[in-house]
Structures are given as C-alpha cells and as structure tokens.
Number of protein chains: 2
Amino acid sequence: MTDHRIMIVDDHPVVREGYRRLIDLQPGLQIVAEAEDARSAYARFREAMPDAVVMDVTLPGASGIEAIRHIRQYDDAAKIVVFTMHQGSAFALKAIEAGAAGYVTKSSAPDTLIKAIFGVLKGRTMISPDVIEAIAQDRIAGSGTRLRDLSTRQTEILRLLASGWPVERIAEALSISLKTVRNNHYHIKSVLGLETDAQMVWFAMEAGLVQGPREEDA
Amino acid sequence: MTDHRIMIVDDHPVVREGYRRLIDLQPGLQIVAEAEDARSAYARFREAMPDAVVMDVTLPGASGIEAIRHIRQYDDAAKIVVFTMHQGSAFALKAIEAGAAGYVTKSSAPDTLIKAIFGVLKGRTMISPDVIEAIAQDRIAGSGTRLRDLSTRQTEILRLLASGWPVERIAEALSISLKTVRNNHYHIKSVLGLETDAQMVWFAMEAGLVQGPREEDA
DNA sequence: GCCTGTCGCGGGCAATTTGCCCGATCTTCG
DNA sequence: CGAAGATCGGGCAAATTGCCCGCGACAGGC
C-alpha cells in the first residue's frame, strides 16, 4: 500500500526540518508539500491534494485559522492537524470549529503528533491531552470567560487592537465607523472581564491570537 | 580532527529534531547534549562541557537570558548562539549583554544558523542580518527612541502598566497621585513614539521589561 | 410565513481620561 | 552657588470611555 501523502505548513525552516525528521522517516507517511504561510498553504493544497495537512496556526500574514477555513471550504474532507505552541483552550476550539481534525501542542511528546496524523487519516478527531485538560479547566470554575464568548468580528478586532493598531486604522481597514470600533473595544474588554488595554494584549497573546506587534495588513 | 561538540536548548521536541537535522548531520558538528529549560541547561552544560550552545530564549520557567548569564558565570568562555523567533532589537541586545556570542532568528535561512555556529566556534560574534538591521534602525532615524530615554521611575511605571495594572493600583503601590501616574503614562508613550497602549506592551516585552501579565506585587 | 435570537453596525451623552501646559521640590554635580 | 534633570502634581480643553439605545440582516424553529 502506498504511503499517505502529507503536507506541512510552518513559517520556520528549522521547524519544518523537525517535521521531516518525524514524519517523512515514519513508515507509511511521506511529505509531499510544504508551505510557509497561509496563502501559499491554500495554493499548495490544491496542487498537491495531500491526504493530511500538519500546520502551525501562527503564521505570517493571515492566521492559520483562516487557512484551515479556506482549505476546508475547498475540500471539506481535508484532514488538518494543527500543531502549535499555544496550549490555550480558546485557540484550540477556534481551530476545531474552523474544521481542524486534530490539535497537538509542540510541547507534546513527538509521537503524539504521529499518532494524531494516523488518527485523523482514519477519520478520527485527535486532540492532545494537555489541550483537553485546558478545555476542561475552562469549563469548570468559570473564572474567566473566554475567546469563545466573542463573535468572529470581535475576535478580529481584538486581534488588531492587541497588535497595536490605532482604532482609526482598524476602522479604515475594516470599513466600519470609528465609533463601532470603539464600541467593540469596550465590549471586548467588558466581556472578557479585563480592566486595561495591556491586559487585553496579554489575553490575546495567551489565546494565540497574536504573537507579535504590527502585521501591517489585515 | 574531532567534531565540535554542540549542546541544544529548546523546549519543543520537534524543534530539537530540527536542530538535529541541521546540526548533527553537518560535517564537523555533533550534538552531545540537549536541554529543555533554563535550569537543566545549566546542569547539562556542566556535565557535557560542549564547545558551543544553541538555545532558544523563550523557555518555560526562567528566561533564556538568565540561563546565558548563569552559564557564562560558570564558564566565561562559553560560546552561546541564541536562536529565537524574536526579531526585536531589544531582546537581542539583552542576550548579547548577557554574554551570547551569536543571535539568529528562526526566520533566517537554515544555513545562517550553521554559519553562526562555526563563526562563534572561531571566536567571532555572529548576529543575523535582520537583527542587525533592527538594531541599526533603532539607533538611526530617532524614529524610535528607546528604553534608555526613560528615567528609572518611568521605566518602573512602564513595567507596571505593561503588566496590565490599572493606573489606580499603580498610584497606590508607588504612593503617588493618580494624576502623576497618568502623566507618566502619557509621557512614556510620547517619548517612545507609541500610539497605543498595546504598542506599549509590545515595546516593554521586546525590551525585556516584562514577559507575562500580572506579577502581583511590585 | 412569522417570530425570535443573535450579530454587526453605529448614534447619543454624561463621566472620565488624555494630551499638553505649567510650577514646585529635591538631587546631583561641576 | 547655579544649572540640569528627575519627581511629583495642578489645570483645562479636547477626546475617549462606558453604557444605553435602535436598526437591519440573517438563521433557525414552528
């Protein structure tokens, strides 16, 4: 039987080498495509039509979540395993909601990824234990409401605010009024129970929405 | 001639595999030790006494910067190459100040790391081009004045603001009036040329002032 | 088809904060 | 001693926040 054809998406070359080492040398798996950002991930997916995709979600430019949505829109049977350093539950939920079949953190044991790949190839949903725990901890002791309580739009605005964009630029970029952005700014902090803008940045970072400042275009 | 003995420090197993692929298979280099956090990095260094260390600076627990300092304190001839995703100049400067001999970002071409390793083994200081550019841009075109332009007090207030403390709590903690904190908040952003509070958080992070939210007491 | 819920969008307005000015101390240093 | 600079804060107009409201679009459910 022929090998399963895998595509990997990550912006760091060294990390891609790590994937190779783990995946390509694994009997039954073969890497047939690579991409380093969300846009090319979509393009390469259509060219290569891999059996499964392993991707990081923090990519330059568009978020990996968008990439997942985009790919699933093109092929709703696509098997995508998210492999990221973010262990925040909110991000995992977003990814799964977007259509990811697996979610594994980079701090997991290496073979967790391999198991997840084989799992999704069999049509199962594979979530790494630490993430399941994080999700569970979120549900109990509703200490903090989370990203899930924000709408898609609010999440997008949060991402831009946390990146450091001034509200004026956000209004312009999204073609909505300044007032709406401000209202959202207030509501986001309110819903999340945050007092200051700085706390909002930390929240966004922990949720994996942002990992650095700017990111010039939406 | 025997291979150079290299130690790698990174908290993500997959990334370590990437290092292996790049370093271990490189003629003349051999990985002799691995560590996944700052504490064990120090311990392993003493056991293995490698010729060079490649390490990420964002590690669980103590910062990689601390680990560098610690190792250099033990052996001030230690050759340490920092290999990280942070391209902010401030972080690089901290690392170099702590005694790092090289600084390469993960977005660099893979062989940049190899060259940096051979470079530091020869006693040179190797900084990847994008970081040099970031440092240069900091210095020239006073576009961004830097941390050095803030007084001690302002730096302290910046640290608290960026950690997410509300101004009221800061005033209380420092026993100064709310108004003074607000004035400082404004002046800090003004001096640093920042538009939003979120940008201020990123600045503080890159400057190494903060690495996570809260930190309950001053 | 209609009713209900939710979402994105923004107006309105009082209360608060920001942005930028100023002056008063208190050090430090030549 | 006098100059420089840091710290602390008052003042005040302009801008923003906090919180309320309403409107239209859309997705289910009955």
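Computed from a predicted model, the values in this text were never measured in an experiment.
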**Request:** Enter the distance from Met126(A):CE to Leu121(A):CG here, rounded to the nearest 0.5 Å.
**Result:** 10.5 Å
**Request:** Please figure out whether Val167(A) or Asn183(A) has its closest DNA chain D nucleotide nearer the 5' end.
**Result:** Val167(A)
**Message:** Students often get this wrong, so: under 4.0 angstrom with heavy atoms, is Thr180(B) touching a base, only sugar-phosphate, or nothing?
**Reply:** base
**Asked** Can you tell me how far C1' of dC9(C) sits from CD of Gln154(A), to the nearest Å?
**Response** 12 Å
**Prompt:** What is the distance from CG of Leu178(B) to P of dC8(D), rounded to the nearest Å?
**Reply:** 14 Å
**Asked** Per the end-axis method with five pairs at each terminus, what is the bend angle of the helix from dG1(C)-dC30(D) to dG30(C)-dC1(D), to 10°?
**Response** 40°
**Request:** Between dT18(C), dG10(C), dT17(D), spot the one nearest the side chain of Arg182(B), thanks.
**Result:** dT18(C)
**Request:** Go through dG11(C), dG19(C), dG18(D) for me and flag the one nearest to the Lys189(A) side chain.
**Result:** dG18(D)
**Message:** Please confirm whether the shortest side-chain N or O distance from Ser177(B) to OP1 or OP2 of dG9(D) is below 4.0 Å.
**Reply:** yes
**Atom pair distance, as rounded to whole Å: CG in Leu194(A) and P in dG18(D)** = 11 Å
**Complete:** Here the gap from Leu161(B) atom CG to Ile188(B) atom CD1, rounded to the nearest 0.5 Å, amounts to 5.5 Å
**Prompt:** Would you call Asp197(B)-Lys189(B) a salt bridge at under 4.0 Å N-O?
**Reply:** yes
**Prompt:** Is it true that Glu156(B) and Arg159(B) make a salt bridge, defined as a side-chain N closer than 4.0 Å to a carboxylate O?
**Reply:** yes
**Prompt:** So how far is it from Glu66(B) CD to Arg39(B) CZ, rounded to the nearest 0.5 Å?
**Reply:** 12.0 Å
**Fill in**
In whole angstroms, the gap separating P of dT18(C) from CG of Asp197(B) amounts to 8 Å
**Prompt:** Atom OH in Tyr42(A), atom CD in Gln73(A): separation rounded to 0.5 Å?
**Reply:** 7.0 Å
**Asked** For the atom pair CE (Met205(A)) and OG (Ser163(A)), what is the distance rounded to the nearest 0.5 Å?
**Response** 10.0 Å
**Separation of dG8(C) P from Leu174(A) CG (nearest whole Å)** = 12 Å
**Message:** What is the distance, to the nearest angstrom, from the NE2 atom on His187(B) to the P atom on dG5(D)?
**Reply:** 15 Å
**Complete:** From NE2 of His185(A) across to P of dC19(D) the rounded distance in Å is 13 Å
**Request:** Confirm from the modelled atom types if Lys179(A) and dG8(C) form a donor-acceptor pair under 3.5 Å, side chain to base only.
**Result:** no
**Message:** In this structure, how many angstroms lie between the P atom of dC8(D) and the CD1 atom of Ile157(B), rounded?
**Reply:** 7 Å
**Asked** Contact class for Arg153(A) (heavy atom, under 4.0 Å): base, sugar-phosphate, or nothing?
**Response** sugar-phosphate
**Request:** Quick one: label Glu168(A) by what it contacts on the DNA or RNA (base, sugar-phosphate, nothing), any heavy atom closer than 4.0 Å.
**Result:** sugar-phosphate
